[in-house]
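A short worksheet on the structure shown next.
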Number of protein chains: 2
Amino acid sequence: MAEKVTIATVARHARVSRQTVSNVINAPHIVRPETRQRVQEAIVTLGYRANQAARQMRTGRSRLIAVRIEPTRDGINGSVLDRFLHGLTETAEASGYRVMLYTAADDDREIATYGDLLSAYDLDGFVITGTDHGDPRTAWLAEREIPFVTFGRPWDHPEAHSWVDVDGAAGTREATAHLVAAGHLRIGFIGWPAGSGVGDDRRAGWHRALLGAGVDPDGLDAETEDGIAEGARATRELLARPTPPTALVCASDSLALGALQALRTAGTTLPVIGFDDTPVAAAIGLSSVSQPLGDAAARCVDLLTDLLDGPHRDPRQVLLRPELVLRHLA
Amino acid sequence: MAEKVTIATVARHARVSRQTVSNVINAPHIVRPETRQRVQEAIVTLGYRANQAARQMRTGRSRLIAVRIEPTRDGINGSVLDRFLHGLTETAEASGYRVMLYTAADDDREIATYGDLLSAYDLDGFVITGTDHGDPRTAWLAEREIPFVTFGRPWDHPEAHSWVDVDGAAGTREATAHLVAAGHLRIGFIGWPAGSGVGDDRRAGWHRALLGAGVDPDGLDAETEDGIAEGARATRELLARPTPPTALVCASDSLALGALQALRTAGTTLPVIGFDDTPVAAAIGLSSVSQPLGDAAARCVDLLTDLLDGPHRDPRQVLLRPELVLRHLA
DNA sequence: GGGCAGGATTGGATCGTTCAAGTTGCTGGA
DNA sequence: TCCAGCAACTTGAACGATCCAATCCTGCCC
């Protein structure tokens with residue numbers, strides 16, 4: 001069992017004071033090169049690592065960022081957050097930060113957890129996923145000037161804080177354009193009920209693409225909650241309309257999967273394009289709009305470390321383009 | 001901006017000393033009930049929360065456990081770890097612990113990360129997933145007497161340390177028995193190459209079930225790496241044998257998915273049962289053996305907190321039974 | 001009423017680090 | 001010669017909790 005190596009151990013070994021060792025670590029330029037060298041050698045020889053708890057007590061900074069892990073809902077969309085989380089952990093490590101997880105049943109309890117994490121662990125910042133109109137969580141954090149970045153736009157006030165998002169409209173527009181190029185005109189859209197920022201955005205992309213192609217989107221749109229069964233129901237409903245669509249763009253892979261099931265049951269085949277490029281889409285050969293989750297996570301960490309360490313602490317925004325992944329089903 | 005509430009603030013407010021407040025928190029029984037009451041009220045009124053960094057400096061304990069987050073490999077099996085992680089975070093929170101994530105490219109670098117986490121953050125313990133024969137990580141931790149629990153058995157030395165695992169053999173046995181009960185005799189198995197603990201275990205369950213039903217398993221077994229394409233190839237190979245199977249049990253949902261694709265291409269249908277009950281299986285109606293991941297995570301936390309706080313610090317083991325989830329494809 | 005036992009409470013030291021305020025030694029200008 | 005000015009390094013104090021040892025009550029018994 002190796003004994004604890006503290007800054008004092010290093011100082012003794014290099015025959016300098018504790019503070020000089022601290023300076024070598026935190027402000028190397030004020031230490032004479034030969035002394036710096038000697039201290040650095042001692043650090044390596046002894047395998048010294050700064051104790052974060054002690055550092056944190058003095059500085060109030062922990063080099064820890066918190067991310068909420070959500071319950072895996074329908075299991076399909078959960079994988080999106082999973083991939084995001086992995087990217088986040090990797091990039092954070094590269095920047096010298098570590099990721100701490102928390103769960104919360106609802107917004108109120110999530111806010112309570114913020115207080116807990118901040119006072120107990122002196123968390124440096126938060127990455128918030130899945131924001132919505134008038135989110136109380138971001139308001140709480142902003143009020144207390146606690147650094148945070150959201151993955152997802154604040155739809156009400158686009159420049160309220162730092163965020164990273166994926167241009168959903170661009171994704172559905174590209175998907176729709178691809179179907180137009182393949183000769184389709186009556187391209188249906190299955191999306192979520194109006195009112196959610198993400199859902200409205202994805203619908204808007206399809207809408208604009210159709211208008212751009214000179215097609216009237218009227219009567220080609222179905223609104224439903226997310227889910228496989230819901231997607232199937234919406235598809236049957238669309239097929240029963242006077243002029244049914246000849247291709248489908250969906251706001252999620254769950255809906256697209258439901259659409260495929262409904263089509264199979266109805267004995268029809270139409271091209272279907274989903275959204276999120278989940279493992280399920282890959283597994284069954286469903287074309288889908290893929291979000292650059294690794295990139296998004298990396299940019300989140302960038303923006304957050306900017307807020308924490310950077311010279312310019314103004315909020316910044318990043319909008320990433322998704323990519324249409326074509327598979328044999330469209 | 002609320003100012004910092006320390007143990008001294010609480011002490012002043014309740015007109016007692018810091019030590020008494022500390023006692024109320026850590027050893028309530030030695031404080032007179034009315035004093036305890038007064039202090040507890042002060043804690044609530046002021047919203048006091050103990051600063052972990054300060055506590056940790058004195059006690060050397062951080063109430064933090066570390067879990068590795070793996071790169072999402074084929075995306076299907078990744079979800080297993082995701083669900084496990086969620087359960088872990090929830091249960092840990094309930095026991096007053098928080099989960100910290102780390103990544104590592106290989107075993108050596110993972111071990112290097114252990115040292116980092118331990119000296120920088122004074123981590124209390126580790127939950128290790130995906131152990132294999134002669135794992136260097138568990139050896140490293142055991143040597144230094146660092147508390148850890150694995151999700152997955154140490155196949156070489158069953159009682160070397162605390163672990164939680166799911167009885168894979170019981171799962172494949174039940175799947176096979178179900179197919180036998182449905183009238184099948186020549187039930188094939190698609191599994192991984194011999195040598196991996198998990199893979200051998202799952203194969204053994206199928207093997208025993210067939211023997212129990214009086215069927216010779218010879219020639220009904222295919223070995224392949226994990227993956228959809230690999231599952232499809234193995235299936236085609238099995239179908240080409242002199243006496244092809246009339247039903248299939250697979251060691252993973254990826255393999256099962258490949259099997260389904262191969263069967264569809266071949267214009268055949270056979271009942272197929274997968275393993276892990278991933279979202280993909282649920283989405284396409286594939287029957288699968290479901291691991292109780294939430295339970296497993298909770299037991300991992302239980303065993304770990306036992307090692308950390310408990311009176312009995314001997315390693316303990318937990319083997320959970322999986323459950324066969326039947327869907328329309330079998 | 002004094003002494004005593006026992007538990008409740010107090011003050012001081014401590015964990016490892018960084019910040020703030022020194023101390024030392026050297027250079028150079030008057 | 002003297003001292004201002006600076007660079008390089010050292011020392012003492014502080015962060016907020018817990019541990020330890022000493023002190024203070026309180027009730028009880030003789």
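Residue numbers start from 1 in every chain, and the chains themselves are labelled A, B, ... in the order their sequence lines are given, proteins ahead of strands. Remember, predicted model here, so these are calculated numbers, not experimental data. Reckoned from all heavy atoms, side chains included, excluding hydrogens, waters and symmetry mates.
Protein chain B contacts DNA chain D from D/dG16 to D/dC20, reading 5' to 3' and using non-hydrogen atoms of the protein with a distance under 4.0 Å.
Rounded to whole Å, the distance from CD1 on A/Ile25 to P on C/dG16 is 14 Å. Going from atom CD1 of A/Ile7 over to atom C1' of C/dT17 covers 6 Å, rounded to whole Å. Note: CZ (B/Arg58) to P (C/dT17) measures 15 Å, nearest angstrom. One atom, CD of A/Gln56, and another, P of C/dC19, lie 14 Å apart when rounded to the nearest Å. Rounded to an integer number of Å, the gap from CZ of B/Arg36 to C1' of C/dT9 is 15 Å. As a whole-Å value, the separation of A/Gln19 CD from C/dT24 C1' is 16 Å.
The side chain of B/Arg18 has C/dA13 as its nearest neighbour among C/dA13, C/dG16, C/dT9. Looking at the side chain of A/Thr59, the nearest of the listed nucleotides C/dC19, C/dG16, C/dT9 is C/dC19. For A/Tyr48, the listed nucleotide lying nearest its side chain is C/dT17; candidates were C/dG16, C/dT14, C/dT17.
Of the candidates B/Tyr97, B/Tyr114, B/Phe148, B/Trp140, B/Phe126 forms a ring-ring contact (aromatic ring centres under 6.0 Å, His included) with just one, namely B/Tyr114.
At C/dT18, one or more side-chain N or O atoms of A/Arg55 fall inside 4.0 Å of OP1 or OP2 (strictly under the cut-off). OP1 or OP2 of C/dT9 sits under 4.0 Å from a side-chain N or O of B/Arg32. Residue A/Thr6 places no side-chain N or O under 4.0 Å from the OP1 or OP2 atom of C/dC15.
Using modelled atom types and a 3.5 Å distance limit, the side chains of B/Gln52 and B/Ser62 yield no donor-acceptor pair. B/Ser162 and B/Gln317 share no donor-acceptor pair across their side chains, judged by distance under 3.5 Å alone.
Counting any heavy atom pair closer than 4.0 Å across all strands shown, B/Ala53 reaches no nucleic acid atom.
DNA chain D is contacted by both A/Met57 and A/Arg15; A/Arg15 maps to the nucleotide lying nearer its 5′ end (nearest heavy atom per residue). Judged by closest nucleotide on DNA chain C, B/Asn23 is the one of B/Asn23 and A/Asn23 placed further toward the 5' end.
For A/Arg38 against A/Val16, the heavy-atom pair with the smallest separation is NH2-CG1, 3.4 Å.
With rounding to the nearest 0.5 Å, the separation of CZ in B/Arg299 from CG in B/Leu88 is 14.0 Å.
Using cut-offs of 30° and 60° for the angle between ring planes, the B/Phe151 and B/Phe84 rings count as parallel.
A salt bridge links A/Asp116 and B/Arg49; the closest N-O separation between the charged side-chain nitrogens and carboxylate oxygens is under 4.0 Å.
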